[in-house]
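Residue numbers start from 1 in every chain, and the chains themselves are labelled A, B, ... in the order their sequence lines are given, proteins ahead of strands.
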There are 2 protein chains.
Amino acid sequence: MAMSKEANGSLQVMQNVADNLRLARLQQGYSQEVLATRAGISRRMLVNIEAGESNASIATVDKLASALGLSFVDVVRPPSSSDKARALPLRIWQGEQADSHASLLESVVKPGVTLELWRWQLAAGDSYHAEADAPGCHEVLYVLQGSLQVQLAQQSHTLQTGQSLTFASDQVYSYHNRDAVACAFTKNILMYPHGTQSAE
Amino acid sequence: MAMSKEANGSLQVMQNVADNLRLARLQQGYSQEVLATRAGISRRMLVNIEAGESNASIATVDKLASALGLSFVDVVRPPSSSDKARALPLRIWQGEQADSHASLLESVVKPGVTLELWRWQLAAGDSYHAEADAPGCHEVLYVLQGSLQVQLAQQSHTLQTGQSLTFASDQVYSYHNRDAVACAFTKNILMYPHGTQSAE
DNA sequence: GTGATTTGTGCATTATATTTCACAGACTCC
DNA sequence: GGAGTCTGTGAAATATAATGCACAAATCAC
């Protein structure tokens, strides 16, 4: 993948910027309009850059990188270097305690569906309250260490190390580590554009 | 080091580009004029970029990177990432045999003097003939593996593993590996602007 | 000292990146 | 069907990157 298009004066770097920006933008769920506004540039420019047809300036690329929470180098980096072990982790959540954090490890974006792999960690006694995800979203948890209580709207589940749980996340929910040791777990999120999927 | 100057709209990236370009240019002994010509840009532009006062385009930075034998990322990279383990090795020499090559590991550029650390490797039976360095240059060799014969204008030295040699390199000289195994050695070069130093 | 080379600055000119708008196609939702 | 959002394209206007030249200051060679 990531073959160059060789338009007019299309440099390899331009194509890297184009690919990296588009990928990161879709991963974070921004439209061109939103991202362009956040970055303080025109949408027209963003279109050109994502098409690999614009020889942007350093400042412009930097604005976009910042708006996406990426470093300049991340945006410019060719896919060849550290290919799949990408610029991710992104969207890191850092709790008040040092041992409480979460990071996005992988992200697969397809036309109809998006899959994200997260790694979570909760310090002893800590908890996390989440808002409802988009309609149709499902989460699949797998506890690596310690124990985890998942509080849903109507029910509650307590998972021990090695146990897993699937639940619809289009509702408010929360994670609780009521144990005395840190809890680590992986979390897969399956998301759909709007509500395109039927129940299983 | 490498504090930002905060001129007009000086981004951190601009300063990185400025620092990296100037360092690489001096390391390779180019004047602004020469580098600008090789890169196909105006010297005026190069002056601005090296001063961190110009918001250059991707294409311009890429031209400069190519002219210096560097990748785009190398030029943009902040000094913080892999700080001293820099973009180097540069100026790689590759012999006809795969085991014969040399690379520049470190380079310290000061107003009056430049020190370079190289790592050389010569395949069994291979040799390398060097032109005279600038007047006043000295080399310090240290053999890591195998044996090395250094042929100077008036004399010849044969070094075994662990032995070292200092000699004035402002004369033609050559390295010979007359052994049956590959030879590796480090080489420090001490250079002066023109001939500013007195003999010891 | 003079002469040559390198580097930094100011300014007018040219090239082009960037903006703003208006519009068309593709898609989802109602 | 129409109304909505998202995305790509075109063209004119504007901002600015990039050029070229002339000149001053510093450094090194002689």
Chemist: What is the distance, to the nearest angstrom, from the CG atom on B:N55 to the C1' atom on C:dA17?
Modeler: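 Between C1' of C:dA17 and CG of B:N55: 10 Å.
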
Chemist: Where along residues 56-63 of chain B does a heavy atom come under 4.0 Å from DNA chain D, residue by residue in number order?
Modeler: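 Result for residues 56-63 of chain B: B:A56, B:S57, B:T60, sorted by number.
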
Chemist: Using heavy atoms and a sub-4.0 Å distance, could you list which residues of residues 40-48 of chain B are near DNA chain C? By number, please.
Modeler: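 Output list: B:R43, B:R44, B:V47.
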
Chemist: Among A:V75, A:L64, A:L21, A:D62, exactly one meets side chain to side chain contact (heavy atoms under 4.5 Å, CB included) together with A:L70. Which residue is that?
Modeler: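 Single pass found, and it is A:V75.
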
Chemist: Measure CD/B:E53 against P/D:dA17 and give the value in whole Å, please.
Modeler: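 Atom-to-atom, B:E53 to D:dA17, this comes out as 12 Å.
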
Chemist: With sequence neighbours left out, write down each residue that passes side-chain contact (heavy atoms from CB on, under 4.5 Å) with A:N16, or none if nothing qualifies.
Modeler: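 Checked A:N16 against side-chain contact (heavy atoms from CB on, under 4.5 Å); matches are A:Q12, A:N20, A:P78, A:P79.
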
Chemist: Can you name the side-chain contact (heavy atoms from CB on, under 4.5 Å) partners of A:A130, sequence neighbours left out?
Modeler: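 By the side-chain contact (heavy atoms from CB on, under 4.5 Å) rule, A:A130 matches A:Y128, A:Y173.
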
Chemist: Could you tell me whether the side chain of A:N55 and the main chain of B:A59 form a donor-acceptor pair under 3.5 Å?
Modeler: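 Yes.
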
Chemist: Between B:R22 and C:dG8, is there a side-chain N or O to OP1/OP2 distance below 4.0 Å?
Modeler: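 Answer is yes, contact under 4.0 Å.
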
Chemist: Rounded to the Å, how far apart are A:Q32 CD and C:dG25 P?
Modeler: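 Roughly 18 Å, once rounded to whole Å.
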
Chemist: Side chain of A:D126, backbone of A:S100: donor and acceptor closer than 3.5 Å?
Modeler: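 No; zero donor-acceptor contacts below 3.5 Å.
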
Chemist: Please give, in whole Å, the distance from C:dA17 P to A:L11 CG?
Modeler: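 That distance rounds to 11 Å.
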
Chemist: Please tell me which of A:I49 and B:E33 maps to the more 5' nucleotide of DNA chain C, matching each residue to the nucleotide holding its nearest heavy atom.
Modeler: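 The answer here is B:E33.
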
Chemist: side-chain contact (heavy atoms from CB on, under 4.5 Å) with B:V47: which residues, sequence neighbours excluded?
Modeler: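 With sequence neighbours excluded, B:V47 shows a side-chain contact (heavy atoms from CB on, under 4.5 Å) to B:Q32, B:R43, B:R44, given in chain and number order.
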
Chemist: Examine distances only and state if a side-chain atom of B:N177 and a backbone atom of B:V181 form a donor-acceptor pair shorter than 3.5 Å.
Modeler: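 A pair under 3.5 Å: yes.
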
Chemist: Could I get the full list of side-chain hydrogen bond (donor to acceptor under 3.5 Å, both in side chains) partners for B:S174, not counting sequence neighbours?
Modeler: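 B:H176.
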
